[in-house]
Amino acid sequence: MEQSSTSALLQGTVLDLASDVVSALRSGDHVRAGGTLAESGAGEGVAVAAVRVLGADALLPTALMGVPPEPGRLTVFKDAVAAHPPRADAAPTVVWSHWAMVRALRRLEEPLTHPLDDDPVAEPGADWLDEAGWQFLTHQLAVLAPLALPGEECAVTRAARRRPVDVARGFVRAVRRRDWQQAAGAGRWLTLLDGVPDTLGLEAGLDFVRLMGGNDPRVALQLEAVRLMPAAVLL
């Protein structure tokens, strides 16, 4: 029961944090200081875990609109990075998510009170994406949607660029399966890729995802990123 309660609290906190980010993206303001993380206590348990789940997208208003992060939120973000470096046997998506969070902080020229400060944080490999079937590729890219940013250059981005048709197939499959979160993440990648088939009808597809799944703040976050990216210049 205790584990179930903790899991439900974490899930709710992730949704609340995603809602705060969506609100900031729509308003052009920073993520509100009085929201989820402030109530949880900066740097503590559930708040830190929620930031780890959302990853670098917790600072998405800064990346896309240049809005300075609210100090309390930034503290929790830095704590989340420093407290949970990936283990040697971590899945590639975990390693890349951590890398993206560190990169987000370094764009802000934020120092980390952590050994990573002295480490250049070499870019991880992405060979597993080149070898993946199109279904698994789409799933992995949706998990790594925080890396889908204008001007971003990394191995995951390069892997996605090599397979626009496969990502498009994955988007269609996610829509048919009513997996709106995966569809939104794949759609975010597709807006950045050349060679996407015109027959996909991406704009209409994203409108459908918004209609059917937009009440989920994790879906709305991806769709707001799609809306803002064409005019954004990555910091």
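Remember, predicted model here, so these are calculated numbers, not experimental data.
- Residues Leu17 and Val67 fall within the same hydrophobic cluster, defined by Ile, Leu, Val, Met, Phe, Trp and Tyr side chains chained together at heavy-atom separations under 4.5 Å.
- Between Thr13 and Ala50 the shortest heavy-atom distance is CG2-CB, 3.6 Å.
- Here the side chains of Leu147 and Cys154 are in contact, with some heavy-atom distance below 4.5 Å.
- Between the side chain of Ser27 and the backbone N or O of Ser23, at least one donor-acceptor pair lies under 3.5 Å.
- Taking hydrophobic clusters as Ile, Leu, Val, Met, Phe, Trp and Tyr residues chained together by side-chain heavy-atom distances below 4.5 Å, Leu54 shares a cluster with Met229.
- For the pair Gln140/Trp128, a side-chain contact is recorded, criterion being any heavy-atom separation below 4.5 Å from C-beta on.
- To the nearest 0.5 Å, atoms CG (Leu59) and CD (Glu70) are separated by 11.5 Å.
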| said: One pair to check against side chain to side chain contact (heavy atoms under 4.5 Å, CB included): Leu206 and Thr191. What are the steps and the verdict? | reply: CA-CA 10 Å; Leu206 288 170; Thr191 61; 4.2 Å; yes
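- Judged by distance alone, with hydrogens and angles left aside, the side-chain atoms of Trp134 form no donor-acceptor pair with the main-chain N or O of Val167 at under 3.5 Å.
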| request: Could you walk me through whether Val51 and Met101 pass the side chain to side chain contact (heavy atoms under 4.5 Å, CB included) test, one step at a time? | output: CA-CA 10 Å; Val51 170; Met101 293 178 75; 3.8 Å; yes
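- For the pair Arg188 (side chain) and Val226 (backbone), a donor-acceptor distance under 3.5 Å is absent.
- The environment of Glu203 atom CD is sparse: at most 12 non-hydrogen atoms of other residues, nucleotides or ligands sit within 6.0 angstrom.
- Contact between Gly213 and Val219 at its shortest, heavy atoms only, is O-CB, 3.4 Å.
- Side-chain atoms of Arg163 come within 3.5 Å of backbone N or O of Leu129 as a donor-acceptor pair.
- Nearest approach of Ala160 to Trp189, heavy atoms of both residues: CB-CE3, 3.9 Å.
- Judged purely by atom type and a 3.5 angstrom limit, Glu123 uses its side chain to pair as donor or acceptor with the backbone of Ala155.
- Side-chain contact between Thr157 and Leu192 is absent, with no heavy atoms from C-beta onward closer than 4.5 Å.
- With a 4.5 Å cut-off on side-chain heavy atoms, Arg52 and His98 count as touching.
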| field | Thr138 vs Arg173, side chain to side chain contact (heavy atoms under 4.5 Å, CB included): CA-CA, chis, key distance, verdict | value | CA-CA 9 Å; Thr138 305; Arg173 178 175 183 266; over 6 Å; no
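- Across all their heavy atoms, Pro217 and Val22 have their closest contact at O-CG2, 3.6 Å.
- In this structure a side-chain-to-backbone donor-acceptor pair under 3.5 Å is missing from Arg161 to Leu193.
- Between Arg210 and Glu224 a salt bridge is recorded (basic side-chain N to carboxylate O distance below 4.0 Å).
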| said: Let's go through Arg107 and Arg103 carefully: what are the C-alpha distance in whole Å and the side-chain angles of both, what is the deciding distance for side chain to side chain contact (heavy atoms under 4.5 Å, CB included) to 0.1 Å, and is it a yes or a no? | reply: CA-CA 6 Å; Arg107 284 200 186 98; Arg103 183 159 174 163; 3.1 Å; yes
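- Counting only distance, with no hydrogens or angles, the side chain of Trp180 and the backbone of Arg218 share no donor-acceptor pair below 3.5 Å.
- For Asp20 and Arg73, the salt-bridge test passes: some basic side-chain N is under 4.0 Å from an acidic carboxylate O.
- Classification of the Trp99-Trp96 ring pair by plane angle, with boundaries at 30° and 60°, yields perpendicular.
- Between Pro68 and Thr62 the shortest side-chain heavy-atom distance does not fall below 4.5 Å.
- Salt-bridge formation is not detected for the pair Asp179/Arg177: no Lys NZ or Arg NE/NH1/NH2 atom is positioned less than 4.0 Å from an Asp or Glu carboxylate oxygen.
- In terms of heavy atoms, Pro124 sits closest to Val95 at CG-CG1, 3.7 Å.
- Met212 and Leu223 end up in the same hydrophobic cluster when Ile, Leu, Val, Met, Phe, Trp and Tyr side chains are linked at under 4.5 Å.
- Looking at every heavy atom in both residues, Leu60 comes nearest to Ala225 through CD2-CB, 3.9 Å.
- Enclosure of atom CG in Asp194 is not indicated, since only 12 or fewer non-hydrogen atoms of other residues, nucleotides or ligands lie within 6.0 angstrom.
- Using a 4.5 Å heavy-atom cutoff, the side chains of Gln222 and Asp57 are in contact.
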